[in-house]
Participant: 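Once you've had a glance at the structure underneath, I'll fire off some questions.
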Amino acid sequence: MTNTKKGLSAETLYKLFIYVVLITLAVVIIVPVAWVFLASIKQNSEFYGNPWALPAGFYWQNFVDAWNAASMGSYMLNSVIVTALSLALLLVVALPAAYCLSRFHFRGRGFLNTCFMAGLFINVNYIVVPIFLMLRDGDAFLKKAVGSGFLLNNLFVLAVVYASTALPFTIYLLSGYFSTLPHDFEEAAYIDGATYSQAMVRIIFPMAQPSIITIILFNFLSFWNEYIISMTLMSSATGQKTLPVGLLNLMQAQQSSAEYGILYAGLVLVMLPTLILYMCVQKKLTQGMTVGGLKG
């Protein structure tokens, strides 16, 4: 009886420790986010008092000024275009590639898998300068050949770079999920006269929907919040900067003029789409992260 009580006591203490850690982490994350949302609706004079005081009212003019005067609306449109193009290009390339690598055996398959695995260990921030130099030299060649270049300061080229740098992780995650799916459904489709592409699109992709949603969310967050590549490749395009670059410009401008409400309104504009997307696909995201480890 004594041993049982000790065992229950140890288990209770362990659960209590886990709850304390989880609550602490939640507070550390939630409090700063809530503070930014509250600061975004404060008037500028309220920042000179107690920083933890609740706002006196809802000052929505901060969002209007951030959207119009600080051009955050234009920056957000650019980010939406680049993120959508990047995800479309990524899915068009990664889905068939991951399907072939995980479901078929062919010469060179091991080498391709090794190359994609090696790409997981390369931080794109370390190779942004070679990418810039390659595009700059390409622009110089095009200017000599046809009179104008388009590789730099181009939203579509930026989307291609984003999609290319996300391929290793995306193919790795999708291949692992595809390999767990049973072959019975495909074989039945082949017997009914379906081609490989039809079986892929109509059978495998719907079954892999949780995993596809997971990689869309992860890459959306990566593309939406990316700063270094966008700042490097779009350095001369004043009207085509993405939201993180525009936010940095807003921070530098508003800190000098002490317009903190507009600054935090800009931060909310950056965070809000990611929070909304996460709330919409939270269940599918959890399912995609857990089901992939189960063998069919």
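Reckoned from all heavy atoms, side chains included, excluding hydrogens, waters and symmetry mates.
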Participant: How long is the span from the OG1 atom in Thr232 to the CG atom in Asn125, to the nearest 0.5 Å?
Facilitator: 9.0 Å
Participant: Side chains of Thr242 and Ser230: is there a donor and an acceptor less than 3.5 Å apart?
Facilitator: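 Thr242 vs Ser230: donor-acceptor pair found between side chains.
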Participant: Would Ile81 and Leu85 count as a side chain to side chain contact (heavy atoms under 4.5 Å, CB included) if you check the C-alpha gap in whole Å, the side-chain angles of each, and the deciding distance to 0.1 Å?
Facilitator: CA-CA 6 Å; Ile81 293 173; Leu85 282 173; 3.9 Å; yes
Participant: Is any side-chain heavy atom of Ile41 less than 4.5 Å from a side-chain heavy atom of Phe63?
Facilitator: yes
Participant: Kindly compute the distance separating OG (Ser211) from CD1 (Ile204), expressed to the nearest 0.5 Å.
Facilitator: 12.0 Å
Participant: Taking the side chain as every heavy atom from C-beta outward, state whether Tyr75 and Leu269 have any atom pair closer than 4.5 Å.
Facilitator: no
Participant: Could you measure the distance from the CZ atom of Arg109 to the SG atom of Cys100? Nearest 0.5 Å is fine.
Facilitator: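 Interatomic distance, Arg109 CZ to Cys100 SG, rounded to 0.5 Å: 10.5 Å.
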Participant: To the nearest 0.5 Å, how far apart are CD1 in Ile228 and CG in Asn123?
Facilitator: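 Rounded to the nearest 0.5 Å, the CD1-CG separation comes to 8.0 Å.
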Participant: Do other residues, nucleotides or ligands put more than 12 heavy atoms under 6.0 Å from the CD1 atom of Ile30?
Facilitator: no
Participant: Do the side chains of Leu120 and Ile215 join up, straight or via other hydrophobic residues, at under 4.5 Å, putting them in one cluster?
Facilitator: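 Linked, Leu120 and Ile215 end up in one cluster.
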Participant: Counting only heavy atoms not in Tyr172, do more than 12 fall under 6.0 Å of its OH?
Facilitator: no
Participant: Can you find a heavy atom in the side chain of Phe121 that is under 4.5 Å from one in the side chain of Pro168?
Facilitator: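 Contact flag for Phe121/Pro168 side chains = no.
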Participant: Is there side-chain contact between Leu95 and Phe178, with heavy atoms separated by less than 4.5 Å?
Facilitator: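 Yes, their side chains come closer than 4.5 Å.
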Participant: Considering only heavy atoms from C-beta outward, does the side chain of Phe116 approach that of Phe169 to under 4.5 Å?
Facilitator: no
Participant: Is the shortest heavy-atom distance from the side chain of Tyr177 to the side chain of Ile212 under 4.5 Å?
Facilitator: no
Participant: Hey, any chance Val201 and Leu181 share a hydrophobic cluster, counting ILVMFWY side chains that come within less than 4.5 Å of each other, even indirectly?
Facilitator: yes
Participant: Using side-chain heavy atoms (C-beta onward) and a distance below 4.5 Å, is Val33 in contact with Phe37?
Facilitator: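 Touching, per the 4.5 Å side-chain cut-off.
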Participant: Could you tell me the separation between the OH atom of Tyr264 and the CE atom of Met271, rounded to the nearest 0.5 Å?
Facilitator: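 The CE atom of Met271 is 10.5 Å from OH of Tyr264, to the nearest 0.5 Å.
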Participant: What class does the angle between the rings of Phe104 and Tyr99 fall in, given that below 30° is parallel, 30 to 60° is tilted and above 60° is perpendicular?
Facilitator: perpendicular
Participant: Is a side-chain donor-acceptor pair under 3.5 Å present for Ser86 with Asn219?
Facilitator: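 No pair is found: no donor N or O on one side chain lies under 3.5 Å from an acceptor on the other.
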Participant: Got a sec: does the CZ of Phe132 have more than 12 other heavy atoms crowding it under 6.0 Å?
Facilitator: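 Enclosed: over 12 neighbouring heavy atoms sit under 6.0 Å from CZ of Phe132.
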Participant: Over all heavy atoms of both residues, which pair between Ala189 and Ile203 is shortest? Give the atoms and the distance, please.
Facilitator: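 Shortest heavy-atom separation between Ala189 and Ile203 comes out as CB-CG1, 4.2 Å.
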Participant: Begin from the C-alpha positions of Val270 and Asn225 and carry the test side chain to side chain contact (heavy atoms under 4.5 Å, CB included) through to its verdict.
Facilitator: CA-CA 8 Å; Val270 175; Asn225 296 315; 4.1 Å; yes
Participant: Measuring only between side-chain heavy atoms, which start at C-beta, is Glu186 closer than 4.5 Å to Met200?
Facilitator: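 Glu186 vs Met200: side chains apart.
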Participant: Please report the interatomic distance CH2(Trp224) to CG(Leu87), rounded to the nearest 0.5 Å.
Facilitator: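 One gets 11.0 Å once the value is rounded to the nearest 0.5 Å.
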Participant: Are Ile122 and Phe223 linked, directly or through other ILVMFWY residues, by side chains that come within less than 4.5 angstrom of each other?
Facilitator: yes
Participant: Within the side chain of Glu226, is there an N or O that forms a donor-acceptor pair under 3.5 Å with the backbone of Tyr162?
Facilitator: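 No: the side chain of Glu226 does not pair with the backbone of Tyr162.
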Participant: Does the pair Leu101 and Asn113 meet the rule for a side chain to side chain contact (heavy atoms under 4.5 Å, CB included), with working shown?
Facilitator: CA-CA 7 Å; Leu101 290 172; Asn113 275 324; 3.8 Å; yes
Participant: Got a donor-acceptor contact below 3.5 angstrom from the Arg136 side chain to the Leu152 backbone?
Facilitator: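 No; judged by distance alone, with no hydrogens or angles, the pair does not exist.
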